[in-house]
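See structure below.
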Amino acid sequence: RPNTCGKNLNYFVTKYGTNTTTAVAENRAMVEIWPSSPHLVHSVNLSQPCRRRQSPTEVYSSQDSPVRSFATIEEQLFPVLITSHENSRGTFTRGRGSACCIEVPHPRLKTGSNIFVGIQHSKTPSQRRRTTAANLEGNHYLSSFYAFDAAPPHRLVAQSGYFCLPFAKDDVLVTSSSNVPGPLAAARATAWRTLKLGNETFPKCPRIHFVSGLALEESHRDSVIVSYGVNDCYSRFIRIPLNQVMGILFAGQT
């Protein structure tokens, strides 16, 4: 039986592959078990009850692990970053699902090839023996964009460097909720919980940011709307131009 162990699974419908021309009508979809390498995707029949021992009809496991599009400070502080299951005992956890997927044309290929874009997350591990040895506090979160082929075998084609998503500013909270003090109070109450990696503190980054939604803006489809939670306390929505996301993902590729 294929290994279906995963966390924070992502579901998507694809028109590619075996007998998927009527995927929606047949309630057929794919489930992404792991967004990080090895990228693991299974088929799932949404009209059938869940059976733990029932094997999926389609299983795709891609070993590709693209070089991250940019380096960030934690790579200098902690050179062992998790990009594959084999190295999953290192400084950061293996990349897990956050939000997926938006389907867009591949920006480097002119053959009509489409890709799915998502966001994954890694965090410092909670086990004390691992964090103490590396001078880390547990459960500090980082995110990255990733992209994979829309067509089977759903090969990973790009992944960005790590980033954080910021706290809300007081003026934003006051403007959007002038008659509701709750969001402002919540933001101020959790502002001290900042991202810390070793001896480095990042005051604009919350200790925990968790992306839970990703969609193309319906009116123009040239921007991406990202929803995320801050320190398990309040939520935010931000808009990012789609060309900026593609630039982040494919920086340096020709």
Side-chain angles (χ1 to χ4, degrees), residues 7-13 29 31-32 35-36 68-70 72 74 93 95-105 107 114-123 139-148 150 158-196 202-251:
K7 190 175 182 180
N8 308 120
L9 310 183
N10 291 314
Y11 290 82
F12 63 93
V13 173
V31 56
E32 181 186 60
S36 52
R68 294 190 177 274
S69 59
F70 58 85
T72 43
E74 75 282 344
T93 62
R96 299 169 176 172
S98 290
C100 189
C101 307
I102 58 172
E103 186 174 2
V104 295
N114 282 2
I115 56 175
F116 285 122
V117 175
I119 297 177
Q120 61 180 325
H121 71 275
S122 294
K123 67 184 183 72
N139 298 320
H140 286 241
Y141 282 66
L142 299 167
S143 290
S144 62
F145 284 103
Y146 69 100
F148 61 95
Q159 54 184 349
S160 75
Y162 289 102
F163 57 83
C164 80
L165 294 175
F167 290 103
K169 295 181 180 179
D170 280 4
D171 57 345
V172 174
L173 288 163
V174 170
T175 300
S176 60
S177 305
S178 57
N179 297 320
V180 183
L184 180 57
R188 288 176 173 172
T190 190
W192 63 274
R193 299 186 70 200
T194 56
L195 178 67
K196 185 177 180 181
F202 303 87
K204 295 183 179 180
C205 296
R207 172 179 173 174
I208 299 172
H209 78 274
F210 193 94
V211 174
S212 56
L214 178 70
L216 285 173
E217 187 175 23
E218 186 64 27
S219 57
H220 302 293
R221 302 187 70 81
D222 59 359
S223 294
V224 175
I225 305 298
V226 178
S227 63
Y228 68 98
V230 176
N231 283 334
D232 294 335
C233 194
Y234 65 94
S235 59
R236 297 200 69 200
F237 290 84
I238 59 173
R239 179 186 292 108
I240 307 173
L242 179 59
N243 60 5
Q244 183 176 335
V245 174
M246 293 296 100
I248 290 173
L249 267 172
F250 292 92

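Side chains are part of it too, since the values below use all heavy atoms of this structure and drop only hydrogens, waters and symmetry mates.
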Quiz item: Is it true that Y141 and Y228 have ring centroids separated by less than 6.0 Å?
Solution: no
Quiz item: Shortest non-hydrogen contact from L165 to I238?
Solution: CD2-CD1, 3.8 Å
Quiz item: Roughly how far, to the nearest 0.5 Å, is CZ of F70 from CD1 of I248?
Solution: 6.0 Å
Self-check item: Distance, nearest 0.5 Å, that separates CZ of F167 from OH of Y234
Solution: 6.0 Å
Quiz prompt | Gap separating the CZ atom of F148 from the SG atom of C101, nearest 0.5 angstrom | solution = 4.0 Å
Quiz item: Can you tell if the side chain of P35 reaches within under 4.5 Å of the side chain of Q159, non-hydrogen atoms only?
Solution: no
Exercise. Could you go through the side-chain contact (heavy atoms from CB on, under 4.5 Å) check for V224 and L214 one step at a time?
Key: CA-CA 7 Å; V224 175; L214 178 70; 3.1 Å; yes
Practice problem: Sequence neighbours left out, what passes side-chain hydrogen bond (donor to acceptor under 3.5 Å, both in side chains) with S223? Give chain and number order. | Solution: none
Exercise. Identify the heavy atoms of L242 and R221 that sit nearest to each other, and give their distance.
Key: CD2-O, 4.0 Å
Exercise. Output the distance between atom CG (N10) and atom CZ (R96), rounded to the nearest 0.5 Å.
Key: 13.5 Å
Quiz prompt | Over all atoms of both residues, closest heavy-atom pair of Y162 and T72 | solution = O-CG2, 3.3 Å
Quiz item: What is the distance from atom NE2 of H121 to atom OG of S143, rounded to the nearest 0.5 Å?
Solution: 7.5 Å
Quiz item: What residues, two or more places apart in sequence or in another chain, satisfy salt bridge (Lys or Arg N to Asp or Glu O under 4.0 Å) together with K196?
Solution: E137
Quiz item: What heavy-atom pair brings S69 and G161 nearest, and what distance separates the two atoms?
Solution: OG-N, 3.7 Å
Self-check item: Residues in side-chain contact (heavy atoms from CB on, under 4.5 Å) contact with C205, at least two apart in sequence or another chain
Solution: C164, L195, F202
Quiz item: Rounded to the nearest 0.5 Å, how far does OG of S98 lie from CZ of F210?
Solution: 4.5 Å
Quiz item: What residues form a side-chain hydrogen bond (donor to acceptor under 3.5 Å, both in side chains) with T190, not counting sequence neighbours?
Solution: N231
Practice problem: Go through the structure and list residues passing side-chain hydrogen bond (donor to acceptor under 3.5 Å, both in side chains) with S160, not counting sequence neighbours. | Solution: none
Self-check item: Over all atoms of both residues, closest heavy-atom pair of N8 and G97
Solution: CB-O, 2.9 Å
Quiz item: Would I208 and K123 count as a side-chain contact (heavy atoms from CB on, under 4.5 Å) if you check the C-alpha gap in whole Å, the side-chain angles of each, and the deciding distance to 0.1 Å?
Solution: CA-CA 9 Å; I208 299 172; K123 67 184 183 72; over 6 Å; no
Self-check item: Side chain to side chain, V230 and R236, heavy atoms closer than 4.5 Å
Solution: yes
Practice problem: State, yes or no, whether a side-chain contact exists between Y146 and C100 at a heavy-atom distance under 4.5 Å. | Solution: yes
Self-check item: Pairing residues for E217 by the side-chain hydrogen bond (donor to acceptor under 3.5 Å, both in side chains) criterion, not counting sequence neighbours
Solution: R239
Quiz prompt | Shortest non-hydrogen separation from V211 to A99 and the atoms involved | solution = CG1-CB, 3.8 Å
Practice problem: Apply the test side-chain contact (heavy atoms from CB on, under 4.5 Å) to residues E103 and F12: give CA-CA distance (whole Å), side-chain angles for both, the deciding distance (0.1 Å), then the verdict. | Solution: CA-CA 10 Å; E103 186 174 2; F12 63 93; over 6 Å; no
